[in-house]
Amino acid sequence: MQFFIDTADMTAIQTAHDMGLVDGVTTNPTLIKKAGLDHETTIRQIATITSGPISVETISTDAEGMIKEADTFLQWGSNIVIKVVMTPEGMKAVRALSSRGIKTNVTLVFTPLQALIAAKSGATYVSPFVGRLDDISTPGMAMIQQIRTIFDQYQFDTQILVASVRNPVHLLEAAMIGADVATVPPDTLMQLFQHPLTDSGIAKFLADAAAWTAQ
Ligand code: E4P
């Protein structure tokens with residue numbers, strides 16, 4: 001399973017990249033706003049860190065506007081993926097962009113049938129949001145399993161990009177199901193390292209090494 005990092009924060013992306021944990025980056029308007037720089041500068045900077053796919057979200061509500069934005073975004077790096085919302089106009093844009101060989105990521109997906117629509121439109125990635133479903137007492141990971149079953153059954157090439165990841169268990173379950181990608185917030189990525197037995201094991205080894213090197 002590939003790890004994308006779900007942030008526009010340059011320091012966080014660089015840190016994760018240096019550990020070999022960035023296969024790609026996902027952004028959205030909220031993350032761009034949080035990072036504090038303008039959209040183009042942010043994406044261009046991210047493109048200097050990673051050669052993996054960078055999802056850049058369109059904000060137009062009509063297909064023509066989305067395609068126009070896409071043509072601008074594609075100038076910002078050689079690895080840009082156009083993020084489009086799950087609407088009828090969005091799917092028109094995905095179809096047009098994919099027919100030109102442009103990679104797309106369909107976002108704000110909350111049901112397996114929305115994922116099926118995205119795949120039929122030719123999306124490169126589909127982003128089902130697990131955390132936001134969990135927030136309304138609907139098990140997000142059940143949707144991932146259903147999408148995996150459907151995509152395997154009909155041999156779609158569209159990749160399942162698990163989004164709205166909130167904790168390590170989301171990642172464990174995504175990997176067990178066989179999701180293609182999970183996009184992970186920086187804090188959750190760092191949580192993956194944590195285990196008390198790792199910490200106590202390091203402390204013991206360091207203490208023993210100190211005693212041994214003092215001999
Ligand atoms: C990624 O593409 C999504 O925009 C992101 O994972 C949404 O996460 P959130 O539900 O925590 O905002």
Side-chain angles (χ1 to χ4, degrees), residues 2-110 118 121-132 135 159 161-166 181-190:
Q2 290 199 315
F3 280 11
F4 288 0
I5 190 158
D6 198 21
T7 184
D9 181 286
M10 234 54 69
T11 308
I13 296 169
Q14 186 70 61
T15 302
H17 173 78
D18 291 347
M19 294 186 294
L21 293 177
V22 175
D23 297 310
V25 179
T26 51
T27 65
N28 64 36
T30 306
L31 294 172
I32 297 290
K33 181 183 167 205
K34 203 169 154 193
L37 296 174
D38 72 85
H39 200 190
E40 179 173 353
T41 304
T42 307
I43 300 301
R44 282 187 183 276
Q45 285 190 4
I46 295 172
T48 65
I49 299 175
T50 180
S51 57
I54 304 168
S55 287
V56 183
E57 189 156 339
T58 54
I59 51 169
S60 298
T61 52
D62 63 303
E64 197 184 332
M66 292 170 186
I67 293 164
K68 205 170 156 202
E69 283 183 75
D71 285 328
T72 300
F73 297 165
L74 291 167
Q75 309 303 313
W76 298 350
S78 56
N79 42 343
I80 303 298
V81 174
I82 307 302
K83 211 170 171 188
V84 169
V85 288
M86 167 37 71
T87 59
E89 285 296 306
M91 294 315 94
K92 269 168 69 177
V94 166
R95 188 175 171 80
L97 291 167
S98 58
S99 74
R100 288 168 50 193
I102 296 166
K103 291 185 176 168
T104 56
N105 174 0
V106 175
T107 189
L108 291 171
V109 164
F110 293 95
S121 299
T124 314
Y125 300 98
V126 60
S127 288
F129 279 38
V130 293
R132 293 192 196 187
D135 290 344
Q159 296 191 44
L161 196 173
V162 179
S164 192
V165 163
R166 301 274 168 81
V181 189
T183 189
V184 193
D187 290 352
T188 308
L189 194 64
M190 296 314 291

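One is the number of the first residue; the rest follow in order along the sequence.
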For this session: For S55 and T27, indicate whether the former's side chain and the latter's backbone hold a donor-acceptor pair under 3.5 Å.
Result: no
Problem set entry | Option among V85, T61, I82 that satisfies the side-chain contact (heavy atoms from CB on, under 4.5 Å) test with M66 | V85
Exercise. By side-chain contact (heavy atoms from CB on, under 4.5 Å), which residues pair with D18, not counting sequence neighbours?
Worked result: Q14
Seminar exercise, completed: For T124 and T104 the tightest heavy-atom approach is OG1-N, 3.0 Å
For this session: Would you indicate whether the side-chain heavy atoms of I46 and M10 approach each other to under 4.5 Å?
Result: yes
Problem set entry | Which atom of S99 lies closest to which atom of A96, heavy atoms considered | OG-O, 2.7 Å
Seminar exercise, completed: In this structure, OG1 of T188 is separated from CZ of F3 (nearest 0.5 Å) by 10.5 Å
For this session: With rounding to the nearest 0.5 Å, note down the distance linking CD in Q45 to OG1 in T42.
Result: 6.5 Å
For this session: Evaluate the side-chain proximity of L74 to I102: yes if any heavy-atom separation is below 4.5 Å, no if none is.
Result: yes
Exercise. About how many Å separate CG of L161 and OG of S127, when rounded to the nearest 0.5 Å?
Worked result: 4.0 Å
Problem set entry | Residue pairs involving residues 12-35 (criterion ring-ring contact (aromatic ring centres under 6.0 Å, His included); sequence neighbours excluded) | none
For this session: Consider only side-chain N and O atoms of D6 and T26, and report whether a donor and an acceptor are under 3.5 Å apart.
Result: yes
For this session: Check side-chain contact (heavy atoms from CB on, under 4.5 Å) between S121 and all other residues, then give those that pass, not counting sequence neighbours.
Result: M91, V94, I117
For this session: Identify the two heavy atoms, one from T183 and one from A163, that lie closest to each other, and give their separation to 0.1 Å.
Result: CG2-CA, 3.8 Å
For this session: Determine whether I5 and P186 make a side-chain contact, defined as any pair of heavy atoms from C-beta on separated by less than 4.5 Å.
Result: yes
Problem set entry | Side-chain touch M86/F110, heavy atoms, less than 4.5 angstrom | no
Exercise. Between S98 and A123, is there a donor-acceptor pair closer than 3.5 Å when you use the side chain of the first and the backbone of the second?
Worked result: no
Exercise. V165 versus P185: any side-chain heavy-atom pair under 4.5 Å?
Worked result: yes
Exercise. Given side chains that start at C-beta, do those of T87 and K92 come closer than 4.5 Å, heavy atoms only?
Worked result: no
Seminar exercise, completed: In terms of heavy-atom contacts, A47 and N79 come closest through CB-OD1, 4.1 Å
Problem set entry | Nearest heavy-atom neighbours spanning G77 and I80 | O-CG1, 3.5 Å
Exercise. Looking at residues at least two apart in the chain, or sitting in another chain, which of them share a side-chain contact (heavy atoms from CB on, under 4.5 Å) with N28?
Worked result: T30, L31, E57, K83
Problem set entry | Minimum side-chain heavy-atom gap F73-I43 below 4.5 Å | no
For this session: Run the numbers on T72 and E40 for side-chain contact (heavy atoms from CB on, under 4.5 Å), then give the verdict.
Result: CA-CA 9 Å; T72 300; E40 179 173 353; 5.8 Å; no
Exercise. Is the CZ atom of R166 crowded by more than 12 outside heavy atoms at less than 6.0 Å?
Worked result: yes
Exercise. With distance as the sole test, does E69 use its side chain to make a donor-acceptor pair with the main-chain N or O of I59 at under 3.5 Å?
Worked result: yes
For this session: Check for a donor-acceptor pair, side chain of D9 on one end and backbone N or O of A35 on the other, with a separation under 3.5 Å.
Result: no
Problem set entry | Contacts of R132 that satisfy salt bridge (charged side-chain N to carboxylate O under 4.0 Å, His left out) - sequence neighbours left out | none
For this session: Decide yes or no for F4 and D23: does some side-chain heavy atom of the first lie under 4.5 Å from some side-chain heavy atom of the second?
Result: yes
Seminar exercise, completed: By side-chain contact (heavy atoms from CB on, under 4.5 Å), D62 pairs with (sequence neighbours left out) S60, E64, E89
Problem set entry | side-chain contact (heavy atoms from CB on, under 4.5 Å) assessment of I67 paired with R100 | CA-CA 11 Å; I67 293 164; R100 288 168 50 193; 3.7 Å; yes
